[in-house]
Amino acid sequence: MASALWHGFADMGAVEKNGAFVVSRGEGAYIWDREGTRYLDATAGLWFTNVGHGRTEIADAVAAQLSKIAHFSNFGDFVPETTQVLAERLAAIAPVAGSKIFFTSGGSDSVDTAAKLARRYWHEVGQPEKTIIVGRQKAYHGMHVAGTALAGIPVNREGYGELMADAATVGWDDAKSLLELIEKIGANKIAAFFAEPIIGAGGVYLPPEGYLAEVRDICREHDILFVVDEVVTGFGRIGGEWFASTRFDLQPDMMTTAKGLTSGYVPMGAVFIAPRVAEPFYAGSWWRHGYTYGGHAGAAAAAMANLDILERENLLAESKRLEASLHTHLQPLAEHPRVAEVRSGLGAVAAVQLADPAEALPFVKTLREQGISGRAAGQGAMQISPTFVMTDDQVAEMAAGILAALG
Ligand code: PLP
């Protein structure tokens, strides 16, 4: 049946032909389609349902907020009361003491906010020639203009002409390639380096041992802002800690977040800005940037309720449990001839890398027949990023389903 809906990241000809997978409801680690069939959710939607589906506590908090005031403005001196309280709560768990919180409507907003602020910062401190922003191969930083220009997944950049002149790419796993780029073009031209602690949409690639600390130190030594994109890893997904930046002591100049901030119940993002970067804008200068729905009061209420659940149910520890559980249950799949490797062992994320990337999309359908909702990322990797309430038994059920689908 022809539909009016144009899906994101989709071969719409195929969707028209085969129909959409219509999701009607969710509870815990499960979702149900329109026909009432239940599926184990291997991906927590798009990596975001950290507290699990069907949390009426979050819905109630949002409803109460919307009845009071849905939103107003966060421009100038305006701010909704709940948004102000949320900012203090986030600052208290920020990896860098004294961080400021700039709210956005999602991850792509957060990335473009950080990219603009990086350049504007250097302009403010008298080094306007520092404009180049460096990203990594395989990186995904959302789909706004700066994020697309920084993407290390070439197909995501193709066909638009030059999106942002001052963008450069280095190897994803090799700190030396960052150093080489700095030597080639000069630190005095480079505004910032962006890195996901774990490459997410690019296929779930864990950082090589020591890599994150190495690039942090290179940025420090060369006075390049270090921007850590924690849209996926933030709010517990890294396992045992709020952020990869805290787990690995990354001391980011800026940290971009979204997804797990509200567990996706309502769209919201936030950029954590270290005092050094914020300082010029609190001392005379001001920044002409903001989003109508940045710090939306309903989203702030969802975030507060989400953080309450994460804390009360000790879900950061559950995410750490999943780190081990995914590793134990998924690694044996690496023996299967259709599997090239399994990447796991850091955070509540993993990837089952198919030997033939062309099999990825048909495999997602075969998985559904096994009662598992999965998704392909990167070049033929099955993305695994469950909600933190997935039990070890459910992880075993997921691994068995993947094995059955492999045949
Ligand atoms: N940055 C990273 C690391 C992401 O994984 C994503 C989304 O998957 C984004 C940014 C963009 O977030 P959004 O889709 O909310 O705009």
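The structure presented is a predicted model; accordingly, all values stated were derived computationally and were not measured. First listed ligand is number 1; within each ligand, the first listed atom is number 1.
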**OP:** Mind listing the closest non-hydrogen atom pair of Ser105 and Tyr291 along with its distance?
**Re:** OG-CB, 4.3 Å
Can you tell me the protein heavy atom closest to [atom] and the distance?
atom                    : result
atom 5 (O) of ligand 1  : Val232 CG2, 3.3 Å
atom 12 (O) of ligand 1 : Gly107 CA, 3.1 Å
atom 14 (O) of ligand 1 : Ser108 OG, 4.2 Å
atom 8 (O) of ligand 1  : Lys259 NZ, 2.9 Å

**OP:** Give every residue pair that meets the ring-ring contact (aromatic ring centres under 6.0 Å, His included) criterion with at least one member in residues 85-123, sequence neighbours excluded.
**Re:** Phe102-Trp287, Phe102-His289
**OP:** Provide the number and element of each atom of ligand 1 under 4.0 Å from a heavy atom of Glu196.
**Re:** 3 (C)
Original post:
For ligand 1, which atoms, with element, lie under 4.0 Å from some heavy atom of Asp229?
Top reply: 1 (N), 2 (C), 3 (C), 10 (C)
Original post:
Is Arg120 salt-bridged to Glu124, cutoff N-O under 4.0 Å?
Top reply: yes
Original post:
Ring centres of Trp172 and Tyr205 under 6.0 Å apart?
Top reply: yes
Anything under 3.5 Å between a donor and an acceptor, one on a side chain of residues 222-244, the other on a protein residue two or more places apart or in another chain? List them.
residue, atom, partner, partner atom, Å
His222, ND1, Ile218, O, 2.9
Asp223, OD1, Arg276, NH1, 3.4
Asp223, OD1, Arg276, NH2, 2.7
Asp229, OD1, Val231, N, 3.1
Asp229, OD1, Thr256, OG1, 3.0
Asp229, OD2, His141, ND1, 2.8
Glu230, OE1, Thr233, OG1, 2.9
Glu230, OE1, Ala244, N, 2.8
Glu230, OE2, Ala244, N, 3.2
Glu230, OE2, Ser245, N, 2.6
Glu230, OE2, Ser245, OG, 2.7
Arg237, NH1, Ala348, O, 2.8
Arg237, NH1, Pro386, O, 2.9
Arg237, NH2, Asn50, OD1, 3.0
Arg237, NH2, Pro386, O, 3.0
Glu241, OE1, Thr246, OG1, 3.3

